[in-house]
There are 2 protein chains.
Amino acid sequence: MEAEVLSKPSTLADTVFDQIRTAIVKGELAPGSKVNEPQLSRQYGISRGPLREAIRRLEGCKLVEITPNVGAKVVSLNIEQAIEIYEIRESLEGLACRLAASRATAEDCLKLRQLLANHEKQIESENGRLYYQKEGDLDFHYLIVQLSGNTRLFNFLCGELYHLLRLYRVQTSSGPSRPEQAFKEHHQIVDALENRDEELAEMLMKRHIAGARKTLINQLNQ
Amino acid sequence: MEAEVLSKPSTLADTVFDQIRTAIVKGELAPGSKVNEPQLSRQYGISRGPLREAIRRLEGCKLVEITPNVGAKVVSLNIEQAIEIYEIRESLEGLACRLAASRATAEDCLKLRQLLANHEKQIESENGRLYYQKEGDLDFHYLIVQLSGNTRLFNFLCGELYHLLRLYRVQTSSGPSRPEQAFKEHHQIVDALENRDEELAEMLMKRHIAGARKTLINQLNQ
DNA sequence: CACGCTTATATTGTCAACAATTAAATTGAT
DNA sequence: ATCAATTTAATTGTTGACAATATAAGCGTG
């Protein structure tokens, strides 16, 4: 009957998986660099057994690529691969937004508005600090996917695809462009959610993401 | 300069990963059953090290669920989870079909027609053998996803989601219903691909999959 | 007979050592 | 000095043993 309810039993492989994943999406482990098992096992103070299990989980998240008898490398995304990710993201977040429109309560929408208000305040006050800005952008999308109620969709987008996007942003050191435009679109999306307009919500979200995708395509063709 | 080009170097963990995955989607490892490491390591003649790595890869494919200090269990999908998968599938295969419409050549479409002809022949001749039928259905979708040209989309659908669908079909011993209707819709889809009608192709594919999804929802509500 | 506690067993988690393969360094020849 | 071949070193793949945890069995008490 102790207050041990929150303590989640975790294995070494799981904790070091989290640590390495964070290191990758923060750019501390450079894209394309080799994942050296002896070095990392020393660094994290564990043996190679659980480390290798963690690496296999990272492979499942597509954050590293393993070549037999050679080792794992931190994934490095080129622009074509980023476009592929945005195509998938556009489709799935459109779905998520449509589902969210059919499920979101008034409190949910209020929470979204508050989130947007916080972001706007942060942008206005400290224009230079891009970090919170881009994380904030993902926060908004994160919450909408959560409201969709589709657990598997949530796990895929928030547990895999968003991490890859963070990696690409760090890699190209590109925050999300046109923040003021993005905020307008975000509010439009919440409007649609409040009105329970599923089709409009899906369309607005897809268009919102398509904007970022088209920016990438322009970079590619230029 | 030997003819060793095709020989792919593979590790024990990778080969046993394939074997266990096949065993799971064939139903030889029952959904919900425990994954016993000592037993499997004896069965496949390997030690627990690479076996555990294989299990971690299966976790990445969502085919097993691992609880720390307890072990892995073969995933068992309830109908709600199956509906979640079909929602994702509908969205992503709609995308794949639209992309395929913009990329598919005449030869590609011919190949699709031949595939459908083979399936029809098989259905007519041996009506009872459901196995080829359902695998055939996935073959059609498999090819379209390949034609989309989006490698990541292909890997996710064909390397993860389809395996889960096979698992659910084995689990509920339900082949795809209404095969004659399905064939009509398949041909309509190829028509749209031939005409390079991206919007129609996407719409037809989404409707095609939505049919199966709605069947599930009816089962749930009844 | 049921229930809780203790003991025993089995399974998972972790480690360190060895084998196999790859990458790096050295050597030697042209 | 450059390149190839050989040797050396480092890294990956695999194994078996040990520790920690969880599951099952046995035991006693109410």
Side-chain angles (χ1 to χ4, degrees), chain A residues 1-21 23-24 29-61 63-76, chain B residues 1-21 23-24 29-61 63-76:
Chain A
M1 283 294 192
E2 295 295 323
E4 290 283 342
V5 190
L6 257 297
S7 75
K8 41 187 173 185
S10 188
T11 170
L12 271 185
D14 289 331
T15 56
V16 85
F17 162 79
D18 273 328
Q19 292 176 316
I20 298 180
R21 183 176 63 178
I24 290 177
L29 264 66
S33 67
K34 188 154 169 20
V35 176
N36 190 306
E37 292 182 8
Q39 177 206 324
L40 285 179
S41 86
R42 278 192 301 271
Q43 182 173 336
Y44 291 104
I46 63 173
S47 85
R48 282 177 54 225
L51 175 65
R52 284 171 64 87
E53 294 181 23
I55 292 174
R56 276 286 156 75
R57 280 194 64 189
L58 291 169
E59 183 192 22
C61 299
L63 284 173
V64 304
E65 290 171 347
I66 299 179
T67 310
N69 293 316
V70 174
K73 284 169 59 172
V74 179
V75 74
S76 176
Chain B
M1 286 291 194
E2 295 296 321
E4 291 282 344
V5 189
L6 257 295
S7 76
K8 40 188 172 185
S10 187
T11 168
L12 270 185
D14 289 331
T15 56
V16 86
F17 162 79
D18 273 326
Q19 292 176 318
I20 297 180
R21 183 176 62 179
I24 289 178
L29 264 66
S33 66
K34 188 154 170 24
V35 177
N36 191 306
E37 292 182 8
Q39 177 206 324
L40 284 178
S41 84
R42 278 191 301 271
Q43 183 172 334
Y44 291 105
I46 63 173
S47 85
R48 282 178 52 224
L51 175 65
R52 285 172 63 88
E53 293 180 23
I55 293 174
R56 276 286 157 77
R57 278 194 65 189
L58 291 169
E59 183 192 22
C61 299
L63 284 173
V64 305
E65 290 170 347
I66 300 179
T67 310
N69 293 317
V70 174
K73 284 170 57 173
V74 179
V75 73
S76 176

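Within every chain, numbering begins at 1; the chains are lettered A, B, ... in the order of the sequence lines, protein sequences first and strands thereafter.
Atoms OH (B:Tyr44) and P (D:dT14) sit 16 Å apart, rounded to a whole Å. At whole-Å resolution of the value, CG in B:Leu51 and C1' in D:dT15 are 13 Å apart. As rounded to whole Å, 16 Å separates atom P of C:dG13 from atom CZ of A:Phe17. Rounded to a whole Å, the CD1 atom of B:Ile66 is 14 Å from the C1' atom of C:dT11. Spacing between atom CD of B:Glu37 and atom C1' of C:dG13 amounts to 9 Å, rounded to whole angstrom units. Atom NZ in B:Lys34 sits roughly 8 Å away from atom C1' in C:dT12 (whole-Å rounding).
In this structure B:Arg52 satisfies the side chain to side chain donor-acceptor pair (under 3.5 Å) test together with A:Glu53, B:Glu37, sequence neighbours excluded. For A:Arg21, the salt bridge (Lys or Arg N to Asp or Glu O under 4.0 Å) partners two or more places apart in sequence, or in a different chain, are A:Asp18. For A:Ser76, the side chain to side chain donor-acceptor pair (under 3.5 Å) criterion is met by A:Gln171, not counting sequence neighbours. Partners of B:Glu65 according to the side-chain contact (heavy atoms from CB on, under 4.5 Å) rule, which considers only residues two or more places apart in sequence or in another chain, are B:Val75. Every residue meeting the side-chain contact (heavy atoms from CB on, under 4.5 Å) condition with B:Ser47, not counting sequence neighbours, appears here in chain and number order: B:Pro50.
For C:dT11, the OP1/OP2 oxygens have no side-chain nitrogen or oxygen of B:Lys73 closer than 4.0 Å.
Between the two ends of the helix from C:dC1-D:dG30 to C:dT30-D:dA1, each summarised by a five-pair axis, the helix axis turns through 10° (rounded to 10 degrees).
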Interface polar pairs with nucleotides 14-21 of chain C, N/O, under 3.5 angstrom:
| unit_1 | atom_1 | unit_2 | atom_2 | d |
| --- | --- | --- | --- | --- |
| C:dT14 | OP1 | A:Thr11 | OG1 | 3.3 |
| C:dT14 | OP1 | A:Leu12 | N | 2.6 |
| C:dT14 | OP2 | A:Thr11 | OG1 | 2.5 |
| C:dC15 | OP2 | A:Ser47 | N | 3.0 |
| C:dC15 | OP2 | A:Ser47 | OG | 3.3 |

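In this structure, A:Arg42 CZ and A:Asn36 CG are separated by 7.0 Å, a value rounded to the nearest 0.5 Å. How far CG of A:Leu12 is from OH of A:Tyr44: 13.0 Å, rounded to the nearest 0.5 Å. Atom CG of residue A:Leu29 and atom CG of residue A:Leu63 lie 10.5 Å apart, to the nearest 0.5 angstrom.
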